[in-house]
Amino acid sequence: MRTVYRLLLLLTALACFQSVHAAWVSGEEAIMGTRISVQLWHQDKDQGKAAIEAVMEEFRRLDRKLSPYIDSSELSLVNRMASLEPLVISEEFFRLLETSLEYSALTEGAFDITFASIGHRYDYRKGIKPTESLIDRSLPLINHRNIRLDADRGTVFFEKQGVRIDLGGIAKGYAVDRGMQLLQRRGVQHALISAGGDSRLLGDHRGRPWHIGVQAPRDKGNMAAVLPIADSAISTSGDYERFFERDGIRYHHIISPDTGRSADNLQSVTIIGPNATRTDALSTSVFVLGTEKGMALINRLHDVETIIIDKHGKMITSDGLADLTQ
Ligand code: AMP
Ligand code: MG
């Protein structure tokens, strides 16, 4: 009896100890050219902090692999070598290329990682852009069909000299999903990971939804909408993220593969969906497609919703959005 009593006492003490230590833990770091922030609920604060560090390390690993600004990244290697001969690439890189090509097919070419064949000539911070004639001459390089994947050999080959790729339209979403997998494996049940415009939410905010703001495109710091959501991903693409203006034209980082120039139909696109790889790729795609084609695509897909802010600042939402946020 005494032993049972002692055991009970010990268990009660343990329970108190745990609830004292259970807490929201958060961390922030600049990686992949953006601000990565992680917030999670953990029974043990130190373990929570270790989980956040694991997520940050995953972002750093993916940055080293996928960055166009790091010479030793696999992406830079592919850009240097893949138009010479088929190049063997890592399984993870191969899968990312396959996924990117799936989105090219789904969006009738609006999502196209070969945009970089011209895109790499822009420097938005310095206000540098390619000449109009260079854009016109280089336009045939932008085409996802210039990328040949061979699944048996695990190789990639670019069909034309001068083709370049960049995974900037999908890499952050992918990294967010990878980070969330890590947290789930560690038993975390409530978390937010966000990488600039791409976020994913695990569970709710303990009894209430998470509230995610959609930035007002022309009013920095203010929200156009705040969405109560749980257990989903949300991405926003906007023409205000990286841009410069010259002679009344806004040169920004989302390139229409048809014209080789900044897509100019919209101010921002927000996509809500099951995972961040998907919402990231689709937000970039719908930005290129514009209101009509973009909305038609999203209403055809059953696992995603959208908020579009068009070039006049008007907000248009997809059919199922109201149900999702209620
Ligand atoms: P996001 O902020 O997710 O819309 O991503 C924008 C990034 O996607 C740009 O900075 C480019 O790296 C990349 N990108 C631009 N245009 C395209 C395009 N048409 N298809 C795929 N990626 C693109
Ligand atoms: Mg995107």
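Everything numeric here is computed off the predicted structure, so don't read it as measured data. Atoms within each ligand, like the ligands themselves, are counted from 1 in listed order.
In this structure, of Gly168, Gly119, Gly196, the residue bringing a heavy atom nearest to atom 12 (O) of ligand 1 is Gly168. Distances from atom 18 (C) of ligand 1 to the heavy atoms of Val286, Asp112, Ile142 show the closest one on Asp112. When the options Pro68, Ser268, Gly169, Gly109 are ranked by their closest heavy atom to atom 8 (O) of ligand 1, first place goes to Gly169. Distances from atom 4 (O) of ligand 1 to the heavy atoms of Pro257, Ser285, Ser237 put Ser237 nearest.
Going from atom CZ of Arg278 over to atom CD of Glu102 covers 10.0 Å, rounded to the nearest 0.5 Å. The distance from atom OH of Tyr103 to atom CD1 of Ile113, rounded to the nearest 0.5 Å, is 13.5 Å. Within the model, atoms CG of Leu282 and CG of Leu106 stand 6.5 Å from one another, a figure rounded to the nearest 0.5 Å.
When only non-hydrogen protein atoms are considered, atom 19 (N) of ligand 1 lies nearest to Ile255 O, 2.8 Å. Counting protein heavy atoms only, atom 9 (C) of ligand 1 is closest to His253 O, 3.3 Å. The protein non-hydrogen atom at the shortest distance from atom 3 (O) of ligand 1 is Asp280 OD1, 2.8 Å.
Between the Asp231 side chain and the Asp204 main chain, no donor and acceptor come within less than 3.5 Å of each other.
For ligand 1, the atoms lying closer than 4.0 Å to a non-hydrogen atom of Arg242 are 10 (O).
Taking the six-membered ring for Trp, Tyr124 and Phe243 have ring centres at least 6.0 Å apart.
Side-chain contact check for Ser90 and Lys65: at least one donor-acceptor pair (N or O, by modelled atom type) lies under 3.5 Å. Under the 3.5 Å distance criterion, with hydrogens and angles disregarded, no donor-acceptor pair is assigned to the side chains of Thr114 and Asn146.
Between Phe111 and ligand 1, no pair of N/O atoms sits closer than 3.5 Å. At a 3.5 angstrom cut-off on N or O pairs, Thr236 does not count as close to ligand 1.
Of the charged side-chain nitrogens involved, none lies within less than 4.0 Å of a carboxylate oxygen, so that Lys49 and Asp44 do not count as a salt-bridged pair. Ion pairing of Arg200 with Asp280 is absent here, as no side-chain N (NZ or NE/NH1/NH2) approaches a carboxylate O to less than 4.0 Å. A salt bridge does not link Glu92 with Arg95: every distance from a Lys NZ or Arg NE/NH1/NH2 to an Asp or Glu carboxylate oxygen is 4.0 Å or more. A salt bridge is defined here as a Lys NZ or Arg NE, NH1 or NH2 lying under 4.0 Å from an Asp or Glu carboxylate O, and Glu57 with Arg60 meets this definition.
Using a non-hydrogen distance threshold of 4.0 Å, Ala110 registers as a contact of ligand 1. The shortest separation from a heavy atom of Phe115 to ligand 1 is under 4.0 Å, placing the residue in contact.
For Gln39, there are no side-chain hydrogen bond (donor to acceptor under 3.5 Å, both in side chains) partners, not counting sequence neighbours.
Around the Mg ion (ligand 2), the protein contributes the following N, O or S atoms at distances under 2.8 Å: Asp280 O, Asp280 OD1, Thr284 OG1.
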